[in-house]
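Throughout, a chain's letter reflects where its sequence line sits, starting with A, and its residues are numbered from 1.
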Amino acid sequence: MIEIVSEKIDITKILQSVEDNSAGGIDMFIGTTRDNSKGKSVLRLEYEAYIPMALKKMNEIAGEAKTRWNIKKISLVHRIGKVEIGEASIVIAVSSPHRKEAFEACRYAIDTLKKIVPIWKKEFFEDGEVWVDAREEKILS
Amino acid sequence: MIEIVSEKIDITKILQSVEDNSAGGIDMFIGTTRDNSKGKSVLRLEYEAYIPMALKKMNEIAGEAKTRWNIKKISLVHRIGKVEIGEASIVIAVSSPHRKEAFEACRYAIDTLKKIVPIWKKEFFEDGEVWVDAREEKILS
Amino acid sequence: MNINIKFFAAAKEVAGKEEMQFSLPSSSTASSLLDLLVEQFPGLQEWKQYVRVAVNQEYVSLDYALNENDEVAIIPPVSGG
Amino acid sequence: MNINIKFFAAAKEVAGKEEMQFSLPSSSTASSLLDLLVEQFPGLQEWKQYVRVAVNQEYVSLDYALNENDEVAIIPPVSGG
């Protein structure tokens, strides 16, 4: 399940999408919007995507994860548009016979998504708004 | 939220238990019962716990994770009794400002739980039943 | 002195019971308790080198000196998760 | 030749538009397109060294030779997740 959605992400549906009777473990990463950024209070966030290319890259990440690790199923769902504080902007789930591979593939997927998938986050503060430049955040997140 | 339950694990409730507006990521591990073990078909599983000591050790793991990593909240819920194939036996969730720490703390928690928490799994096959000895599984899971 | 013993998983099946009271010479250790248990339940012999002993819900080493009314648990290799 | 350009995020705000048609000498590269875009939208200058160029939804290097009707996207540093 590789999707970009503009509504609240349905986590239960994503979990079901990776269930597999031969899987012993599922690792799920849920990225949520923080109420602060570089010491400033964040009011809300908006995400924008180059949708067809983003989906293509998300599919490539899923395929590469399946090549590198013995995993059963992998799902990546990104939300775009306005996302309230505390809500999920990205959910990645990976099922695998053995947990080590689920963890590693899930971490690979989120790390790679943050580098290559054309999606952008804008943070809204009391005194303005700014497109986040992930290069500055490398050390942090 | 540190619990041992005998009913189906409520994953949504666990997710809510670690939500935090200053957290940027949640990593959740869900251990599910596989339909096979060492090449044999598994019909079902049962878990038994030394409940008070298991809860004590689960609390220690949560405390140690909070000491080692900058995490916000951590929940560990283990199910005991009969668990059907594909159902969750363990769910661990960790929220953290930055995802690296959520992943590492979650992995630490499940790895350590499997070593020190007094809970045992019995596998039921067509031709018998056996208490799983995790020492044999070290290489596998 | 009297201690309370709890058996779990494979140890419970070998002992045929979940718990029992056990009388021990004073200044007995976890190790000497295990020896006595193997005498009473010979099937525990093959588990002896693998089980851990917990006293009052904490793992202890084999030279741990038991006390009256300790809650002692025989912990086979765990397999939770 | 004509190509279609899409702008995103900060680049979209600097250009003041989401997409446009652009006429280029044939055998233009991604690099020469960026130079022309900076001429037209001087605010892009500060982004020039950070943006990546995607052609038909695939990242390309700066010496990539563009073709008629290519879909070219100007990709500022991404920040999804």
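- By the neighbour-count criterion of 12 heavy atoms within 6.0 Å, atom CD of C:E68 is densely surrounded, having more than that number from other residues, nucleotides or ligands.
- Considering every non-hydrogen atom in both B:M53 and C:A54, the closest pair reads SD-CB, 3.5 Å.
- A donor-acceptor contact shorter than 3.5 Å links the side chain of B:S89 to the backbone of C:G81.
- Within 6.0 Å of atom CD in C:Q21, more than 12 heavy atoms from other residues, nucleotides or ligands are found, so the atom counts as buried in its surroundings.
- Only the side chain of B:Y47 comes within contact range of chain C, with at least one heavy atom under 4.5 Å from a heavy atom of that chain.
- With a 4.5 Å cut-off on non-hydrogen atoms, B:A49 touches chain C through its backbone but not through its side chain.
- Of the possible polar contacts, none joining the B:W120 side chain to the C:F8 backbone as a donor-acceptor pair under 3.5 Å is found.
- Contacts between C:E58 and chain B at a heavy-atom distance below 4.5 Å involve backbone atoms as well as side-chain atoms.
- Within the 4.5 angstrom heavy-atom criterion, atoms from both the backbone and the side chain of B:I116 approach chain C.
- The shortest heavy-atom contact between C:R52 and B:K115 is NH2-O, 2.8 Å.
- Closest of all the heavy-atom pairs between C:V78 and B:K114 is CG2-O, 3.3 Å.
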